[in-house]
Amino acid sequence: MSTSHSAHGHPMARRGLLVGTAATALTLGTVSFADAAPPNGGTDGTDGTDAPDRTRTVRGTLPTGAPDYVYLPVEVPRGVREIAVSYTYEKTPVPAGTQGNALDIGIFDERGTALGGHGFRGWSGGARGSFFIRADAATPGYIAGPVRAGTWNIALGPYTVAPGGLPYEVTISLRSGPAGTTPEPVYPPQRAKGRGRAWYRGDCHLHSTHSDGGRTPAEIAAAARAAGLDFINSSEHNTHSAHGAWGGLWGDDLLILTGEEITTRNGHVLALATDPGTFVDWRYRARDNRFGHYAKAVRRAGGLVVPAHPHATCVGCHWKFGFGEADAVEVWNGAYSPEDEIALAEWDNSLVAAVRWAKPWVAAMGNSDAHRDPDVVGLPQTVVLADELSREAIVAGIRAGHAYIAESSAVTLSFDAFGGRGLHAGIGERLRVDGDDTPVTVRLEVTGAPGCTAHFVTDQGTLFTAGLPESGAGTVEWRTTPAHAAYVRAEVRHPATVPGLPGALAALTNPVFLEG
């Protein structure tokens, strides 16, 4: 490891590579403030100024192939009320097609860096160059609370490293004084007024200034209402700091769920609707065999495990953990793209396997992943049939697949299958009829989709297509049997813009299963 470290001229010894059950990590030499006196000849820094009492700067270079996480220990003495950290790194020019430098940052307190996150105090990835933590406040992405004495660890995440290495500089400042008081967080309520049993619209993948988003929670709430949404889910990258940031933003018309986007080096996954205050660790790869443990932790916290944009092409975004632990999968992420088309096809293949082996199936959902303008909150949105507008009911509806995806609140669907003797099944349900050759009628009702085409997709592929009226509102019916179609799901698509490729989705349903 090439680590030419110094702290205002004080050499630091490096430590060796630590390889454990999670992604590899390196621990650097410890930064000590033992020989640094407070300014102005003071002894405890309680002179009422906001100037830093003590500051250290560490410089080094991470080589190509650096571990996923590099920890910089900092000995925090007693009497510190605030820790502030800033960092910079060189974005050296690289040839076309070569990854440049990108360095993430976060921090763990004196409770340590062990997997599970007991010591977790915040993460901002590469979204900001500085942060602070004290008892009464913290930078968005970080957790307010006392700055207790002990060894804290600044976590550096070399996301990508250029061939020439990644030179960096970290500056740590400590301010002394009374610890202060940490306010109790105020979390969103678990239920909104709603409309009883109804279809509720939601966007469960959103980013604010608490991670790499450009919108405040207030701006997201306003955009959600403007998009006709009934619920949203807070899903910041690798932090739960936003859970308590929604005060005054919920209401009878908007349920706010809390979660996290667990952003690993082998894909991203939504922890959707977990208990407020829940943090889920992200520091592992598929080869570490740890994902199942944290998927269970999400479910213990009342949430759903939802792999996000599983075929995204960004570094570390492609989903490599499999879908055995998934409660649902995000097949549509933001404006419809070829990546979504691949995710949709993969999900459809999983339905075929579930039918063949009589295994549980994984529902589909869609979310905007909106970060900032021009990202549109609610493009797309998941429309869930729930008994009420509550966290418990929404989670149950998504898990059961009683949901469809629409590009906006202007699009509404009704999709049902009918057998003989009054038998009926809706989205996400099973229609059981007398035999494999019993006729079944599948009906799709659509509004808000002008110029679009309806497609009925089965385990054999797309077997029926019909154009919708120019108004965008119409009803399409098709007759089949369980022998011919083990399931049927509906797609509503815009006209194709590239010859030979399907048009973008306007809406998509989960399947109705047919059994003879």
Side-chain angles (χ1 to χ4, degrees), residues 19-25 64-70 97-99 102-104 106 115-117 123 125-126 155 157-161 204-205 207 211-212 235-239 259-272 274 279-299 303-334 337-354 357 359-367 369:
V19 181
T21 58
T24 58
T64 303
D68 289 345
Y69 304 102
V70 176
T98 302
Q99 295 292 341
L103 185 63
D104 295 340
L115 273 179
W123 182 258
Y159 185 62
T160 54
V161 180
C204 294
H205 190 167
H207 295 280
S211 58
D212 60 345
S235 56
E236 309 295 355
H237 292 286
N238 297 344
T239 182
E260 177 186 337
E261 184 174 5
I262 307 164
T263 307
T264 81
R265 296 303 184 93
N266 283 160
H268 302 184
V269 57
L270 301 177
L272 195 163
T274 49
F279 167 73
V280 185
D281 214 320
W282 75 95
R283 293 169 295 158
Y284 42 84
R285 292 185 181 231
R287 66 191 180 205
D288 299 320
N289 196 30
R290 299 295 295 168
F291 175 66
H293 171 81
Y294 290 103
K296 290 179 176 62
V298 170
R299 285 190 281 270
L304 298 175
V305 177
V306 184
H309 45 67
H311 289 276
T313 56
C314 48
V315 174
C317 291
H318 197 95
W319 184 250
K320 297 183 181 298
F321 293 93
F323 297 99
E325 293 286 352
D327 297 306
V329 60
E330 188 182 76
V331 302
W332 184 353
N333 175 277
S337 71
E339 296 171 4
D340 299 315
E341 194 70 38
I342 296 170
L344 176 59
E346 182 180 45
W347 170 69
D348 186 75
N349 290 343
S350 76
L351 297 179
V352 174
W357 301 109
K359 291 183 177 180
W361 63 286
V362 176
M365 68 181 307
N367 302 297
D369 197 4

Using residues 310-324 as the side-chain source, report each donor-acceptor pair under 3.5 Å to any protein atom, sequence neighbours left out, with the distance given to one decimal.
from, atom 1, to, atom 2, distance (Å)
H311, NE2, E346, OE1, 2.8
T313, OG1, E339, OE2, 3.3
W319, NE1, G322, O, 2.8

Determine whether a donor-acceptor pair (N or O, by modelled atom type, separation under 3.5 Å) exists between the side chain of W282 and the backbone of H268. no
Please check if the side chain of R265 supplies one atom and the backbone of D68 the other of a donor-acceptor pair under 3.5 Å. yes
Side-chain (N367) to main-chain (C204) donor-acceptor, under 3.5 angstrom: yes
Using only atom types and a distance under 3.5 Å, with no angle test, would you say the side chain of E260 pairs donor to acceptor with the backbone of V280? yes
The criterion is salt bridge (charged side-chain N to carboxylate O under 4.0 Å, His left out); which residues satisfy it with D348, sequence neighbours excluded? R489
Hey, mind stepping through I262 and F291 against side-chain contact (heavy atoms from CB on, under 4.5 Å) and telling me if it holds? CA-CA 10 Å; I262 307 164; F291 175 66; 5.8 Å; no
Any pair with a residue in residues 305-317 that passes salt bridge (charged side-chain N to carboxylate O under 4.0 Å, His left out), sequence neighbours left out, goes on the list, sorted by first then second residue, please. none
Would you check if L344 and W332 make a side-chain contact, meaning some heavy-atom pair closer than 4.5 Å? no
Mind checking what makes side chain to side chain donor-acceptor pair (under 3.5 Å) contact with D104, not counting sequence neighbours? none
For the residue pair L270 and S235, what are the closest heavy atoms and their distance? CD2-CB, 4.1 Å
P307 and V269: which non-hydrogen atoms are nearest, and at how many Å? N-CG2, 3.6 Å
Rounded at 0.5 Å granularity, tell me how far CZ in R290 sits from CG in D281. 9.0 Å
Can you give me the closest heavy-atom contact between M365 and A328, atom names plus distance? SD-CB, 4.4 Å
So, using salt bridge (charged side-chain N to carboxylate O under 4.0 Å, His left out) as the criterion, who are the partners of D327 when residues are at least two apart? R299
In chain order, what residues pass the side chain to side chain contact (heavy atoms under 4.5 Å, CB included) check against T239, with sequence neighbours excluded? F120, I143, E236, S241
Quick one: does any side-chain atom of W347 pair with a main-chain N or O of N349 as donor and acceptor, under 3.5 Å? no
Can you list everything that forms a side chain to side chain donor-acceptor pair (under 3.5 Å) with S337? Sequence neighbours excluded, please. D340
So CG of D288 and CZ of R283: to nearest 0.5 Å the spacing works out to 11.5 Å
Counting distance only, does the side-chain N/O of N266 pair as donor-acceptor with the main-chain N or O of R285 below 3.5 Å? no
Nearest heavy-atom approach of P158 to P67 is CG-O, 3.1 Å
Gap separating the NE2 atom of H309 from the CG atom of D369, nearest 0.5 angstrom: 5.0 Å
